[in-house]
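Worksheet: one structure, shown below.
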Amino acid sequence: MELVKAFLVGGLICVAGQILIDKTKLMSGRILVLFVCLGCILGGLGIYDSIEQFGGAGATVPLTGFGYNLAKGVMEEVDAIGFLGIFTGGMKAAAGGITAAVVFAFLTALVCNPKEK
């Protein structure tokens, strides 16, 4: 049942992105930033917690989950060390994901033959 819930939540996030691509003139980069900001806002308001509990990886893997992770890290770090946590919490919480993205992008660039348009 967990797989079905993850599929539904992740699928709905992807459907929302596809609707934005098809029905608006927003470029894909702006939609990605919108999803990260939406995850931060919903995480800050405490709404994304219930989405994550229901959807599991379907909620944490998309970009909204990245934004939620940033917001959660900031809130935890502010509770732990105070005002300075605003600047350090997000990066501490998301460091693993950011590092993985950079490393895998580098490895892909070594294996593939990138071309300019």
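As a basis for the values below, the full set of heavy atoms in this structure was taken, side chains included, without hydrogen atoms, waters or symmetry mates.
Residue Y48 is tested with L38, L42, I41 for a side-chain contact (heavy atoms from CB on, under 4.5 Å); the sole match is L42.
Between F66 and L70 there is a side-chain heavy-atom pair separated by less than 4.5 Å. At least one side-chain heavy atom of V78 sits less than 4.5 Å from a side-chain heavy atom of V74. Contact of the I51 side chain with the V9 side chain is registered, since non-hydrogen atoms from C-beta on lie closer than 4.5 Å. Residues I13 and F35 meet the side-chain proximity criterion, which asks for heavy atoms closer than 4.5 Å. Contact of the I31 side chain with the I21 side chain is registered, since non-hydrogen atoms from C-beta on lie closer than 4.5 Å. Between V36 and L32 the shortest side-chain heavy-atom distance does not fall below 4.5 Å.
With hydrophobic clusters built from ILVMFWY side chains whose heavy atoms lie under 4.5 angstrom apart, F104 does not share a cluster with V102. Note on V103 and I98: separate hydrophobic clusters, where clusters join Ile, Leu, Val, Met, Phe, Trp and Tyr whose side-chain heavy atoms are under 4.5 Å apart, directly or indirectly. In the hydrophobic cluster analysis, where Ile, Leu, Val, Met, Phe, Trp and Tyr join through side-chain heavy atoms closer than 4.5 angstrom, V33 is grouped apart from V61. A single hydrophobic cluster is not seen to contain both F7 and V4; linkage of ILVMFWY side chains at heavy-atom distances under 4.5 Å, directly or through other members, places them apart.
Legend: side chain to side chain donor-acceptor pair (under 3.5 Å) pairs involving residues 97-107, not counting sequence neighbours: none detected. Applying the ring pair (Phe, Tyr, Trp, His ring centres under 6.0 Å) definition to pairs two or more places apart or across chains, those involving residues 79-100 are F83-F87.
In terms of the side-chain hydrogen bond (donor to acceptor under 3.5 Å, both in side chains) criterion, residue partners of Y68 (sequence neighbours excluded) are, by chain and number, D49, E52. Contacts of D79 classified as side-chain hydrogen bond (donor to acceptor under 3.5 Å, both in side chains), with partners at least two apart in sequence or in another chain: none. Residues passing the salt bridge (charged side-chain N to carboxylate O under 4.0 Å, His left out) test with K5, sequence neighbours excluded: none.
Note that CZ of R30 and NZ of K25 are 13.0 Å apart. Values are rounded to the nearest 0.5 Å. The CG atom of L12 lies 11.0 Å from the OG1 atom of T64; values are rounded to the nearest 0.5 Å.
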- [ ] Dump the intermediate steps for side chain to side chain contact (heavy atoms under 4.5 Å, CB included) on L34 and L20, then the final yes or no.
- [x] CA-CA 10 Å; L34 176 72; L20 286 172; 3.7 Å; yes
Open item on the list: Apply side chain to side chain contact (heavy atoms under 4.5 Å, CB included) to residues I86 and E77 and explain how you reach the verdict.
Closed with: CA-CA 7 Å; I86 294 171; E77 200 68 13; over 6 Å; no
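Counting all heavy atoms, side chain and backbone alike, C40 lies closest to A71 at O-CB, 3.6 Å.
When hydrophobic side chains of Ile, Leu, Val, Met, Phe, Trp and Tyr are connected at separations under 4.5 Å, I19 ends up clustered with V15.
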